Amino acid sequence: MNQERHEKQEIDTRQETDLGLTSSSAQTKERYTLARANAYIKEHRHQVDPTYRMAYHLMPEVGWMNDPNGFIYFGGMYHMFYQHYPYEPVWGPMHWGHAVSRDLVTWSYLPVALAPDQSYDSGGCFSGSAIVQDDKLVLMYTGHVVTGPDKDNDYLQTQNIAVSDNGIDFVKSAMNPVIRLDQIPEHTSTKDFRDPKVFERNSVYYCVLGSNDAAGKGVILLYRSTDLLDWSYVNIMAQSDGTLGDNWECPDLFTLDGRDILIMSPQRMPAQGDNYRNLHSTVYMMGTLDEDQGVLKYEQYVPLDCGFDFYAPQTMEDAQGRRIMVAWMDTWETEIPTQQSHAWAGAMTLPIQLIRMG
């Protein structure tokens with residue numbers, strides 16, 4: 001990545017206003033920083049009730065955990081970042097927690113990697129992914145900004161990157177956002193535009209993003225770049241036929257034994273017989289990505305997991321060439337027992353190796 005492009009630049013406040021990235025006054029009352037988050041965790045992690053703590057599943061040290069983010073093998077370690085609100089066992093302005101493992105069994109916690117401390121991510125550093133470039137670890141994530149009094153409806157989202165030389169300390173790029181609001185295609189939601197999964201093919205970077213057509217159908221958008229900084233929209237890579245919910249989240253595209261696999265999590269998908277009984281489900285499609293057209297050609301979609309506590313999976317390829325998947329192991333919009341006086345909530349599934357059977 002060109003170091004000159006990461007040199008500190010003054011941000012034009014007028015430009016931020018034009019892009020709609022100024023925060024609501026309510027949102028900026030409380031400042032979130034890495035130092036504050038790490039200090040809070042250090043002070044309060046010993047107050048966690050161990051009654052329901054698990055031996056093998058990754059959990060937050062304290063506070064809330066949801067989606068796995070930035071799952072990658074780097075520097076001889078498996079790195080797992082995750083959506084994290086350290087201050088309470090409830091969903092809040094998202095940070096990126098960080099843990100590492102040598103065997104996917106025993107995990108060690110590292111300092112919080114990202115905090116919502118910039119104008120373009122002041123409402124939360126939402127889900128994203130990681131990639132290695134020039135021996136540096138690069139995170140790509142969604143910056144969430146609340147723009148009005150109704151936080152559930154008044155918001156905007158852009159895509160941003162942060163870079164680390166050591167895999168622990170990350171610096172957000174002065175070029176952020178790297179995928180802006182004006183790069184959202186027509187007939188696509190101007191709000192739900194999130195969860196970039198970045199990958200490289202033939203020396204070109206691509207990322208898939210979850211969204212919807214603003215008319216009740218989920219879509220996956222495809223972007224491409226040569227340097228992770230300048231991105232161009234390619235196409236709607238996949239879209240709902242009307243049976244797959246009203247918004248698509250957490251896409252992941254990868255190759256397995258010569259076939260392209262898209263995993264994504266449709267929201268509010270109607271049940272189909274015994275399948276998709278969750279409020280929000282997870283499916284996969286197997287096909288072929290036409291990189292020039294930016295379209296995934298597939299014939300059907302299939303449930304990825306039949307359990308109730310499985311959402312937002314993310315995969316990575318390790319040093320042995322295995323495709324490993326981890327998902328958030330929790331229920332949506334139901335009370336979690338550890339939220340009551342236990343000071344933590346959320347966990348990851350056990351890692352699963354994906355193998356193509358047909």
Side-chain angles (χ1 to χ4, degrees), residues 67-69 71 126-129 131 140 142 157 159 179 183-202 204-225 231-272 275-276 278 280-305 310-316 323 325 327 354 356 358:
D67 305 357
N69 295 158
F71 190 25
F126 278 18
S127 287
S129 54
I131 194 168
M140 188 171 189
T142 295
Q157 297 174 341
Q159 316 314 315
I179 303 183
Q183 292 175 276
I184 299 175
E186 293 183 2
H187 311 299
T188 305
S189 172
T190 57
K191 298 194 303 182
D192 297 309
F193 179 59
R194 56 181 173 265
D195 311 333
K197 179 64 189 292
V198 61
F199 58 96
E200 183 179 6
R201 287 194 182 186
N202 302 317
V204 176
Y205 297 105
Y206 294 88
C207 85
V208 284
L209 282 159
S211 187
N212 63 75
D213 67 354
K217 296 180 180 179
V219 301
I220 301 297
L221 307 174
L222 182 68
Y223 289 77
R224 78 163 57 97
S225 173
W231 290 88
S232 58
Y233 169 67
V234 182
N235 209 342
I236 293 177
M237 193 188 75
Q239 56 188 322
S240 173
D241 60 3
T243 65
L244 273 159
D246 58 20
N247 188 62
W248 287 2
E249 289 193 315
C250 303
D252 189 350
L253 184 74
F254 55 91
T255 299
L256 192 63
D257 295 334
R259 299 298 302 277
D260 291 318
I261 312 293
L262 171 65
I263 291 175
M264 61 85 181
S265 297
Q267 294 187 296
R268 293 166 290 275
M269 180 176 178
Q272 300 176 16
N275 293 328
Y276 311 115
N278 291 354
H280 306 305
S281 300
T282 303
V283 306
Y284 75 90
M285 297 93 155
M286 183 182 299
T288 302
L289 175 64
D290 185 322
E291 296 173 19
D292 294 329
Q293 295 185 12
V295 174
L296 179 69
K297 300 175 181 178
Y298 68 94
E299 294 182 356
Q300 61 179 341
Y301 57 86
V302 182
L304 183 61
D305 186 275
F310 187 96
Y311 192 74
Q314 190 167 107
T315 75
M316 54 81 69
R323 178 61 57 172
M325 177 178 70
L354 298 181
R356 182 182 161 202

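Source: prediction; values computed, not measured.
- In terms of heavy atoms, Y311 sits closest to Q267 at OH-CG, 3.6 Å.
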Check your understanding: Going through the distances and angles, do I179 and M140 end up as a side-chain contact (heavy atoms from CB on, under 4.5 Å)?
Key -> CA-CA 10 Å; I179 303 183; M140 188 171 189; 3.7 Å; yes

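- A donor-acceptor contact shorter than 3.5 Å is absent between the side chain of N235 and the backbone of M237.
- Under the 4.5 Å side-chain criterion, counting only non-hydrogen atoms from C-beta, T142 is in contact with P196.
- Taking both residues in full, the closest heavy atoms of P303 and Y284 are given as O-CE2, 3.8 Å, listed atom of the first, atom of the second, then distance.
- Summarising the geometry, atom CG belonging to L296 is positioned 10.0 Å from atom CG belonging to D290; distances are rounded to the nearest 0.5 Å.
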Practice item. Carefully, step by step, assess D246 and K217 under the rule side-chain contact (heavy atoms from CB on, under 4.5 Å). Key: CA-CA 4 Å; D246 58 20; K217 296 180 180 179; over 6 Å; no

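- Ion pairing between a basic and an acidic side chain is recognised when a charged N comes within 4.0 Å of a carboxylate O; R194 and D67 show no such pairing.
- Formation of a donor-acceptor pair under 3.5 Å by the D195 side chain with backbone atoms of G210 is not found in this model.
- Of the possible polar contacts, one joining the S129 side chain to the V198 backbone as a donor-acceptor pair under 3.5 Å is found.
- Using a 4.5 Å heavy-atom cutoff, the side chains of M325 and I263 are in contact.
- The nearest pair of heavy atoms linking A238 to Y298 is CB-CE2, 4.2 Å.
- The shortest distance between side-chain heavy atoms of D252 and P313 does not fall below 4.5 Å.
- R224 places a side-chain N or O within donor-acceptor distance of the main-chain N or O of E291, the cut-off being under 3.5 Å.
- Closest heavy-atom contact between Y223 and P185: OH-CD, 3.5 Å.
- The CD1 atom of I261 sits 8.5 Å away from atom CG of L253, with the distance rounded to the nearest 0.5 Å.
- A donor-acceptor pair is defined here as one N or O able to donate and one able to accept, closer than 3.5 Å; no such pair exists between the side chain of Y205 and the backbone of I131.
- Rounding to the nearest 0.5 Å gives a distance of 8.0 Å between OG1 of T288 and NZ of K297.
- Using modelled atom types, one side-chain atom of D241 and one backbone atom of T243 make a donor-acceptor pair closer than 3.5 Å.
- In terms of modelled atom types and a separation under 3.5 Å, the side chain of K197 and the main chain of T315 share a donor-acceptor contact.
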Exercise for review: Before giving the answer on side-chain contact (heavy atoms from CB on, under 4.5 Å), spell out for M264 and L244 the whole-Å C-alpha distance, their side-chain angles and the decisive distance to 0.1 Å.
Suggested key: CA-CA 11 Å; M264 61 85 181; L244 273 159; 4.1 Å; yes

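- Each of L209, L221, N212, D213 was evaluated against T188; a single residue qualifies, L221, per the side-chain contact (heavy atoms from CB on, under 4.5 Å) test.
- Looking at M316 and F254, their side chains never come closer than 4.5 Å, going by heavy atoms from C-beta outward.
- To the nearest 0.5 Å, the span separating OG on S211 from CD1 on I220 amounts to 8.5 Å.
- Counting all heavy atoms, side chain and backbone alike, D292 lies closest to V234 at O-CG1, 4.4 Å.
- Interatomic distance, SG of C250 versus CG of N69, reported as 7.5 Å (0.5 Å rounding).
- Residues Q183 and Q159 are not in side-chain contact: their nearest non-hydrogen atoms beyond the backbone lie 4.5 Å or more apart.
- Between Y301 and Y276, the ring planes lie tilted relative to each other; the angle falls in the 30° to 60° range.
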**Study point:** Candidate pair L304 and V283, rule side-chain contact (heavy atoms from CB on, under 4.5 Å), full reasoning
**Key:** CA-CA 5 Å; L304 183 61; V283 306; 5.9 Å; no

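- In this structure a side-chain-to-backbone donor-acceptor pair under 3.5 Å is missing from E249 to D192.
- In this structure, the side chain of T282 does not engage the main chain of S265 through any donor-acceptor pair within 3.5 Å.
- Shortest non-hydrogen contact noted between L354 and L256 is O-CD1, 3.9 Å.
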